[in-house]
Amino acid sequence: MPELPEVEVTRRQIRRVLVGRTVSGVETTRASYFFLTRPAELKARLVGRRFVELERVGKYLLAELDDGSHLLLHLGMTGQLFAAGATSPRLLSATAKRALAPDAQASFAPDAHTHLVLTFREKGPNVYFRDVRKFGKVAWIAKGREHERLSKLGVDALRANGETLWEATRKRSAPIKTVLLDQGVIAGIGNIYADEALFLAGVRVTRPARRLTRAECDAVIAAAQRVMKRSIQTGGSSISDYVRPDGSDGGYQDERRVYARTGEPCSKCGTAIQRLVIATRSSHFCPSCQR
DNA sequence: CTGTCCCTGATT
DNA sequence: AATCAGGGACAG
């Protein structure tokens with residue numbers, strides 16, 4: 001699932017095909033909660049506008065247009081943003097995959113899950129936003145306005161420090177895992193990197209947040225930043241649906257220490273990795289290394 | 001602060 | 001055919 005590293009990898013690749021290009025057409029699926037801004041308005045706002053920048057805020061992508069307005073995107077759980085020409089079975093519907101001969105090179109064609117297609121005046125690929133479960137979001141933001149989804153976010157995970165977590169945890173009895181997933185405290189950490197960071201810091205996912213020491217807060221943030229930076233370098237984690245905008249898999253799933261490794265031996269001590277559910281999210285940890 | 005819900009494909 | 005996965009808004 002896309003968390004900060006996957007969104008950042010996406011940003012870097014999509015930025016190259018987006019910035020400097022002028023929208024000539026906007027195609028969408030029918031109105032749904034996926035579109036915080038209705039398809040008709042989205043089209044009216046975007047056509048004729050030129051993209052000038054693509055930034056990341058937590059797990060959101062924020063594209064700036066030449067009139068000072070912005071296009072806000074969230075990939076949700078299964079969102080995929082890519083340019084035309086990307087080929088990967090992960091980008092195809094099950095029907096399309098079944099139709100493929102073994103080893104056949106598939107080329108992407110928009111399917112029922114492709115909710116947004118941007119075409120441009122300038123030569124180059126289209127940009128597609130595909131999202132099977134439709135937990136992603138698209139919104140247009142007028143010049144000078146800030147979307148409430150952005151104003152709710154805490155400090156970006158790559159800019160946070162131990163102090164950020166220390167202050168946020170003092171009065172919270174919820175498990176530390178829950179606080180790390182709270183985008184209003186630190187923006188960008190999701191289920192995979194929360195588990196990985198807590199493993200590297202030696203802190204059990206269930207520990208009441210207020211019971212962390214200052215040193216442990218420093219360690220957790222340092223570990224979170226280390227794993228996320230490393231993940232960005234390797235192209236993100238392709239565990240379920242995520243693919244890079246060029247259609248290729250990321251590499252970080254091979255470096256995971258605990259996430260989705262239930263029952264496998266801990267890489268440090270050999271104890272079986274355990275899984276339990278915290279606030280409806282699956283959580284993985286080493287019962288020996290994490291206290 | 002935790003449970004429910006949105007959605008669909010994979011799995012049982 | 002029922003269950004599971006999960007980001008984030010919302011309800012209780």
Side-chain angles (χ1 to χ4, degrees), chain A residues 1-8 10 28-37 56-62 72-81 88-100 111-116 129-139 147-154 156-157 168-196 205-211 224 228 236-243 253 256 258-263 275-284:
Chain A
M1 55 232 75
E3 303 180 27
L4 185 152
E6 292 75 30
V7 176
E8 177 62 19
T10 299
T28 73
T29 49
R30 58 184 300 178
S32 69
Y33 59 84
F34 179 87
F35 295 102
L36 298 179
T37 299
R56 182 190 57 73
V57 184
K59 302 178 195 174
Y60 287 89
L61 285 171
L62 187 62
L72 181 67
L73 306 172
H74 194 289
L75 299 179
M77 289 216 21
T78 55
Q80 304 167 319
L81 199 58
S88 164
R90 287 179 196 266
L91 291 176
L92 302 174
S93 65
T95 316
K97 269 185 274 193
R98 278 194 294 273
L100 279 181
D111 61 7
H113 303 303
T114 307
H115 302 292
L116 179 67
F129 189 172
R130 181 173 185 265
D131 185 359
V132 170
R133 290 182 197 169
K134 246 193 281 185
F135 285 2
K137 292 286 178 286
V138 178
H147 201 282
E148 63 170 10
R149 281 182 172 249
L150 293 182
S151 51
K152 284 178 183 173
L153 297 178
D156 189 85
T169 51
R170 289 312 83 198
K171 291 177 180 175
R172 296 192 61 168
S173 55
I176 181 60
K177 169 74 181 275
T178 301
V179 176
L180 286 181
L181 293 180
D182 185 343
Q183 303 300 297
V185 174
I186 296 173
I189 301 176
N191 213 23
I192 298 172
Y193 301 101
D195 283 3
E196 295 298 313
V205 290
T206 49
R207 177 102 66 89
R210 59 151 65 103
R211 301 291 181 222
M228 290 192 293
S237 298
S238 293
I239 294 176
S240 54
D241 302 272
Y242 176 76
V243 285
Q253 64 280 4
R256 272 173 306 137
V258 291
Y259 185 81
R261 291 203 185 282
T262 309
R275 172 188 184 275
L276 51 80
V277 175
I278 298 174
T280 75
R281 262 58 180 175
S282 64
S283 304
H284 313 76

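Quick caveat, the model's predicted, so the values are computed rather than measured. Lettering follows sequence order; numbering is per chain, from 1.
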(Q) On DNA chain B, compare the nucleotides closest to Lys134(A) and Thr280(A); which residue's is nearer the 5' end? (A) Thr280(A)

Q: For Arg207(A), enumerate each residue passing the salt bridge (charged side-chain N to carboxylate O under 4.0 Å, His left out) test, keeping only those at least two apart in sequence or located in another chain.
A: Glu216(A)

**Q.** Listed partners of Ala224(A) passing side-chain contact (heavy atoms from CB on, under 4.5 Å), at least two apart
**A.**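 If we apply the side-chain contact (heavy atoms from CB on, under 4.5 Å) test to Ala224(A), skipping adjacent residues, the hits are Ile189(A), Ala197(A), Met228(A).
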
Q) Tell me, do Tyr60(A) and Leu150(A) make a side-chain contact under 4.5 Å, heavy atoms counted? A)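 Side-chain contact under 4.5 Å: yes.
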
Q.
Using side-chain heavy atoms (C-beta onward) and a distance below 4.5 Å, is Lys137(A) in contact with Leu72(A)?
A. no

Return the [atom1] to [atom2] distance between [X] and [Y], rounded to the nearest 0.5 Å.
{"X": "Ile186(A)", "Y": "Leu153(A)", "atom1": "CD1", "atom2": "CG", "result": "12.0 Å"}
{"X": "Gln183(A)", "Y": "Lys152(A)", "atom1": "CD", "atom2": "NZ", "result": "12.0 Å"}
{"X": "Thr29(A)", "Y": "Phe129(A)", "atom1": "OG1", "atom2": "CZ", "result": "10.5 Å"}
{"X": "Arg281(A)", "Y": "Leu276(A)", "atom1": "CZ", "atom2": "CG", "result": "14.5 Å"}

If I take atom [atom1] in residue [X] and atom [atom2] in nucleotide [N], what distance separates them, rounded to the nearest angstrom?
{"X": "Tyr60(A)", "N": "dG8(C)", "atom1": "OH", "atom2": "P", "answer": "6 Å"}
{"X": "Ile186(A)", "N": "dG7(C)", "atom1": "CD1", "atom2": "C1'", "answer": "17 Å"}
{"X": "Asp195(A)", "N": "dG7(C)", "atom1": "CG", "atom2": "C1'", "answer": "15 Å"}
{"X": "Leu180(A)", "N": "dG8(C)", "atom1": "CG", "atom2": "P", "answer": "14 Å"}
{"X": "Arg133(A)", "N": "dG8(C)", "atom1": "CZ", "atom2": "P", "answer": "15 Å"}
{"X": "Gln80(A)", "N": "dT8(B)", "atom1": "CD", "atom2": "P", "answer": "15 Å"}
{"X": "Leu4(A)", "N": "dG8(C)", "atom1": "CG", "atom2": "P", "answer": "11 Å"}
{"X": "Leu153(A)", "N": "dG8(C)", "atom1": "CG", "atom2": "C1'", "answer": "11 Å"}

Would you say [X] places a side-chain N or O within less than 4.0 Å of OP1 or OP2 belonging to [N]?
{"X": "His113(A)", "N": "dG9(B)", "value": "yes"}
{"X": "His74(A)", "N": "dG8(C)", "value": "yes"}
{"X": "Ser282(A)", "N": "dG6(C)", "value": "yes"}
{"X": "Arg281(A)", "N": "dA5(C)", "value": "no"}

Looking across every strand, which nucleic acid part, if any, lies under 4.0 Å from [X] by heavy atom: base, sugar-phosphate, or nothing?
{"X": "Tyr33(A)", "value": "sugar-phosphate"}
{"X": "Asn191(A)", "value": "sugar-phosphate"}
{"X": "Lys137(A)", "value": "nothing"}

(Q) Please list all pairs meeting salt bridge (charged side-chain N to carboxylate O under 4.0 Å, His left out) that have one or both residues in residues 175-189 of chain A, counting only residues at least two apart or in different chains. (A) Arg172(A)-Asp182(A), Lys177(A)-Asp195(A)

Q: Determine the sole option in Gln80(A), His113(A), His115(A) for which the side-chain hydrogen bond (donor to acceptor under 3.5 Å, both in side chains) test with Arg130(A) is passed.
A: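 So the option named by the test is Gln80(A).
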
Q. Would you say Phe135(A) stacks on dG7(C), if stacking means ring centres under 5.5 Å apart and planes within less than 30 degrees?
A. yes

Q | Within residues 169-177 of chain A: residues closer than 4.0 Å to DNA chain C (heavy atoms) | A | none

Between [X] (side chain only) and [Y] (backbone N and O only), is there a donor and an acceptor less than 3.5 Å apart?
{"X": "Glu3(A)", "Y": "Tyr193(A)", "answer": "yes"}
{"X": "Glu196(A)", "Y": "Arg256(A)", "answer": "no"}
{"X": "Arg275(A)", "Y": "Ser282(A)", "answer": "no"}

Q. Of Glu3(A) and Glu148(A), whose closest DNA chain C nucleotide lies nearer the 5' terminus?
A.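 Its nucleotide being nearer the 5' end, the pick is Glu3(A).
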
Review item, nucleotides 1-4 of chain C N/O atoms under 3.5 Å of protein N/O:
none

Q.
Over the length of the helix from dC1(B)-dG12(C) to dT12(B)-dA1(C), how much do the five-pair end axes diverge, rounded to 10 degrees?
A. 50°

